[in-house]
Amino acid sequence: MAENVYIETTIVSYLTARPTADVVRRGHQELTKLWWQHRAADFHLCTSQFVVDEASAGDPQAAQARLQILSSLELLQIGADVPALADLLLAEAALPPKARVDAIHLAVATTNGIHYLMTWNCKHLANALLWRKMEQACRKIGLKPPLICTPHELIGDAYDPGSDC
């Protein structure tokens, strides 16, 4: 059975965005597209209503492109335990109050037993400095959090820049 990947809002945003001149963001866009074209089919992709809500905002044409991608993904259940876990993550993982939706993404993925949470949000989610605290908060209530990663970390040999990373 394929492993589950929770697709967070930044992934569909980079996937559907017009190319940018910013070198780092352009690299993220290209890696996201490569992953989506060459590896996405190897996983069971899912998301949540919170991602759909975030993706709906902004420019209507861009939102439509994001929502079209999301429409093919499984929409996870948002259990009654999600808000409490999000609160715990905010309190114990050093996440600021403005990161509540980020905490909710992790809570939804965790409570649904998802293997990976894919994001380009390296400030609050794919952040090695915060990971241990997020993991400890989840394990404190007996849950195993997903591995938080970027497309680069799950691309495997679909992208070989001639280096080890």
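Residues Gln29 and Thr20 have side chains in contact (heavy-atom distance under 4.5 Å, counting atoms from C-beta outward). Contact of the Cys138 side chain with the Leu89 side chain is registered, since non-hydrogen atoms from C-beta on lie closer than 4.5 Å. Arg39 is not listed as a side-chain neighbour of Leu154, based on a closest heavy-atom distance of 4.5 Å or more. Using a 4.5 Å cut-off on side-chain heavy atoms (C-beta onward), Phe50 and Val108 make contact. For the pair Trp36 and Pro151, the minimum side-chain heavy-atom distance is 4.5 Å or more.
Atom-to-atom distance recorded for Leu117:CG and Asn112:CG is 11.5 Å, nearest 0.5 angstrom. Within the model, atoms NE2 of His124 and CE of Met134 stand 10.0 Å from one another, a figure rounded to the nearest 0.5 Å. Distance check: Ile114 CD1 to Ser48 OG gives 10.5 Å after rounding to the nearest 0.5 Å. Note that CG of Asn4 is 10.5 Å distant from OH of Tyr116, once rounded to the nearest 0.5 Å. Between the CD atom of Gln77 and the OG1 atom of Thr111 there is a distance of 10.0 Å, given to the nearest 0.5 Å. One distance of note links CG of Leu143 with CG of Asp81; it measures 7.0 Å at 0.5 Å rounding.
Ring orientation note: the planes of His28 and Tyr14 are nearly perpendicular, at an angle over 60° on the 30°/60° scale.
Ion pairing of Asp102 with Lys123 is absent here, as no side-chain N (NZ or NE/NH1/NH2) approaches a carboxylate O to less than 4.0 Å. With respect to the salt-bridge test (charged N to carboxylate O, under 4.0 angstrom), the residues Glu92 and Lys140 qualify.
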Please report the C-alpha distance between Thr9 and His105 in whole Å, then the side-chain angles of each, then the deciding distance to 0.1 Å, and finally whether the side chain to side chain contact (heavy atoms under 4.5 Å, CB included) criterion is met.
CA-CA 9 Å; Thr9 316; His105 289 310; 3.9 Å; yes

Check against side chain to side chain contact (heavy atoms under 4.5 Å, CB included), Leu76 and Cys46
CA-CA 7 Å; Leu76 295 174; Cys46 53; 3.8 Å; yes

Verdict with supporting geometry, Met118 and Trp35, side chain to side chain contact (heavy atoms under 4.5 Å, CB included)
CA-CA 11 Å; Met118 184 179 284; Trp35 185 86; 3.4 Å; yes

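Across all their heavy atoms, Pro146 and Leu106 have their closest contact at CD-CD1, 3.7 Å. Of all non-hydrogen atoms in Glu153 and Ile148, the two that sit nearest each other are OE1-O, 4.3 Å. Arg100 and Ala86 make their closest contact through NH1-CB, 3.8 Å (heavy atoms, listed as atom of the first residue, atom of the second, distance). For the residue pair Val52 and Leu70, the shortest heavy atom distance occurs at CA-CD1, 4.1 Å. Nearest heavy-atom pair, Cys122 versus Thr150, reported as atom, atom and distance to 0.1 Å: SG-CG2, 4.3 Å. Contact between Leu45 and Ala40 at its shortest, heavy atoms only, is CD1-CB, 3.9 Å.
Checking Glu3 against His44 by side-chain atom types alone, no donor-acceptor pair falls below 3.5 Å. Tyr6 and Thr47 form no side-chain donor-acceptor contact under 3.5 Å, judged by distance and modelled atom types alone.
Counted within 6.0 Å of CD on Gln68, heavy atoms from surrounding residues, nucleotides or ligands total 12 or fewer; the atom is thus considered open. Counting heavy-atom neighbours within 6.0 Å of Lys33 NZ, excluding the residue itself, gives a total above 12.
In this structure, Val101 is not a member of the same hydrophobic cluster as Leu67, with clusters built from ILVMFWY side-chain heavy atoms closer than 4.5 Å.
A donor-acceptor pair under 3.5 Å is formed between the side chain of Arg66 and the backbone N or O of Ala55. Between the side chain of Thr110 and the backbone N or O of Pro145, no donor-acceptor pair lies under 3.5 Å.
Put simply, the residue from Thr32, Thr10, Ile7 that forms a side-chain contact (heavy atoms from CB on, under 4.5 Å) with Leu15 is Thr32. Of the candidates Arg132, Arg139, Lys133, Glu135 forms a side chain to side chain donor-acceptor pair (under 3.5 Å) with just one, namely Arg139.
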